2 protein chains.
Amino acid sequence: MSEKPIFSYVQPEEKTGYLLWQVTMRWQLQMNQQLRSVGITLTQFSLMAGLYWLGQQGEVVTQQRLADYANTDKMMTSKVLQTLERKGMVERFSHRQDGRAKQLQLTLSGKTLLRQANAVVEQVDAAFFGPVQSNAVLLNQLLCRLMQ
Amino acid sequence: MSEKPIFSYVQPEEKTGYLLWQVTMRWQLQMNQQLRSVGITLTQFSLMAGLYWLGQQGEVVTQQRLADYANTDKMMTSKVLQTLERKGMVERFSHRQDGRAKQLQLTLSGKTLLRQANAVVEQVDAAFFGPVQSNAVLLNQLLCRLMQ
DNA sequence: AGCTTTTAGTAGTCGTGACTACCAAATGTA
DNA sequence: TACATTTGGTAGTCACGACTACTAAAAGCT
């Protein structure tokens, strides 16, 4: 006498959410493994990239602004930026108008590192998405719709 | 006199890899937030689900076997299973044939929790992938191709 | 049997990622 | 001006997820 099965007959790995998760973990792993050669993590890269980008737009970038832009929470952002400051990639000054805020700035070594890291990221991305290159635009659209 | 820009004119958030990452983080967050009501994490759920599934196939499941199946590393798997054992969701016996291995078994409470958690997962998945429901099969195929 | 190599599992570290809780500065309002 | 509320940032906790390094048992080899 067997119990009622918990799952339907679909195997877990056939579920879209699970697949999405697995694929992303693999992408993230490859990124971090390759980025290791330049001494940076994916998260650190994405924050530095965000900082650079906002800076290019002429913005005065605070930690909260960067966190909003990168969709990271401010606590994590604070910690990673402390790490990046310790590594000499980022400087944090106190904000002129707002006494609470920290104004962020990439250092010269930071920009150099960012440039090196970006080359790695581009290369891993190309290799990873090679198998679906013809459908890249489509995949992009679907993902965009999931972000609203 | 301005330096050569580090990135092309594409904004970072337009990159497929970055999008994939963002979407998955959001999916994972929603999963974990909802699963909290039943007192389990997504990772714990996926290991329990894998254990259940392999058990249904009549296999004697060891930690390494489960790790292989779930694409998790054995160190992490070991720790999460210790947590699950402490919570009384899983039992770990020593393997009859292999003195190194641990044989895994879901407890009754484990199965109950798994059933509750699965209902939550199904519901979050449905809500999350609603916006692309008509293209679900296509998205699935693309993701599958990225897993080889 | 004696030896090397592989394999199953654990301990402990680092870096997220989400959380609670907190401080202090800025803002809104009476 | 006085007070309550919001906002920018930090400290510390928990749970991955990847890593190094380790023990001990199994398997392979001579």
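Just the heavy atoms: all of them, side chains too, but no hydrogens, waters or symmetry mates, feed the values below. Quick note on labels: first sequence line is chain A, next is B, and so on, each numbered from 1. Fair warning: this is a prediction, and the values are worked out from it, not measured in the lab.
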Q. Among residues 26-34 of chain B, which contact DNA chain D at a heavy-atom distance under 4.0 Å?
A. B:Q28
Q. Between atom CD in B:Q97 and atom C1' in D:dA27, what is the gap in whole Å?
A. 15 Å
(Q) Distance under 4.0 Å to a non-hydrogen atom of chain A counts as contact; along DNA chain C, which nucleotides mark the start and end? (A) C:dG15 to C:dA26
Q) Roughly, in whole Å, what's the span from CD in A:Q82 to P in D:dG9? A) 12 Å
Q | Rounded interatomic separation in angstrom, taking CZ from B:R100 and C1' from D:dA25 | A | 5 Å
Q: Please name the pair of heavy atoms, one in A:L113 and one in A:I40, separated by the smallest distance, quoted to 0.1 Å.
A: CD2-CD1, 3.8 Å
Q: May I ask you to check whether over 12 heavy atoms, not counting those of B:Q133, lie within 6.0 Å of atom CD?
A: no
(Q) Can you tell me which nucleotide in D:dG17, D:dA21, D:dG8 comes closest to the side chain of B:M75? (A) D:dA21
(Q) At 4.0 Å (heavy atoms only), tell me whether A:K102 reaches a base, stays on the sugar-phosphate, or touches nothing. (A) sugar-phosphate
Q. Taking atom CE of A:M31 and atom CH2 of B:W21, what is their separation to the nearest 0.5 Å?
A. 9.5 Å
Q: Would you mind telling me which residue lines up with the more 5' stretch of DNA chain C, A:N71 or B:D98, judged by nearest nucleotide?
A: B:D98
Q. Excluding sequence neighbours, so at least two apart, what forms ring pair (Phe, Tyr, Trp, His ring centres under 6.0 Å) with A:Y52?
A. B:F7
Q. What's the CG-C1' distance between B:L42 and D:dG17, to the nearest Å?
A. 13 Å
Q) DNA chain D: A:S78 or B:K74, which has the more 5' nearest nucleotide? A) A:S78
(Q) Taking the nucleotide of DNA chain C with the nearest heavy atom to each, does A:R96 or B:R36 sit closer to the 5' end? (A) B:R36
Atom pairs and distances, donor-acceptor, side-chain atoms in residues 75-82 of chain B, under 3.5 Å, two or more places apart:
unit_1: B:T77; atom_1: OG1; unit_2: B:T72; atom_2: OG1; d: 2.8
unit_1: B:T77; atom_1: OG1; unit_2: B:D73; atom_2: O; d: 2.7
unit_1: B:S78; atom_1: OG; unit_2: B:Q82; atom_2: NE2; d: 3.3

(Q) What is the separation between atom CD on A:Q63 and atom C1' on D:dT10, rounded to the nearest whole Å? (A) 9 Å
Q. Going by heavy atoms closer than 4.0 Å, what residues in residues 117-130 of chain B are next to DNA chain D?
A. none
Q. Once you round it to whole Å, what is the distance between P of D:dA15 and CG of B:L35?
A. 14 Å
Q: Could you state the atom-to-atom distance from CG of A:D73 to P of D:dC14 in whole Å?
A: 17 Å
Q) Any side-chain N or O of B:T72 under 4.0 Å from OP1/OP2 of D:dC16? A) no
Q) Ignoring hydrogens and geometry, is there a side-chain-to-backbone donor-acceptor pair from B:T62 to B:K102 under 3.5 Å? A) no
Q: Just jot down the salt bridge (charged side-chain N to carboxylate O under 4.0 Å, His left out) partners of B:E59, sequence neighbours excluded, or say none.
A: B:R65
Q) Can you check the A:Q64 CD to D:dT10 C1' distance for me, whole Å? A) 13 Å
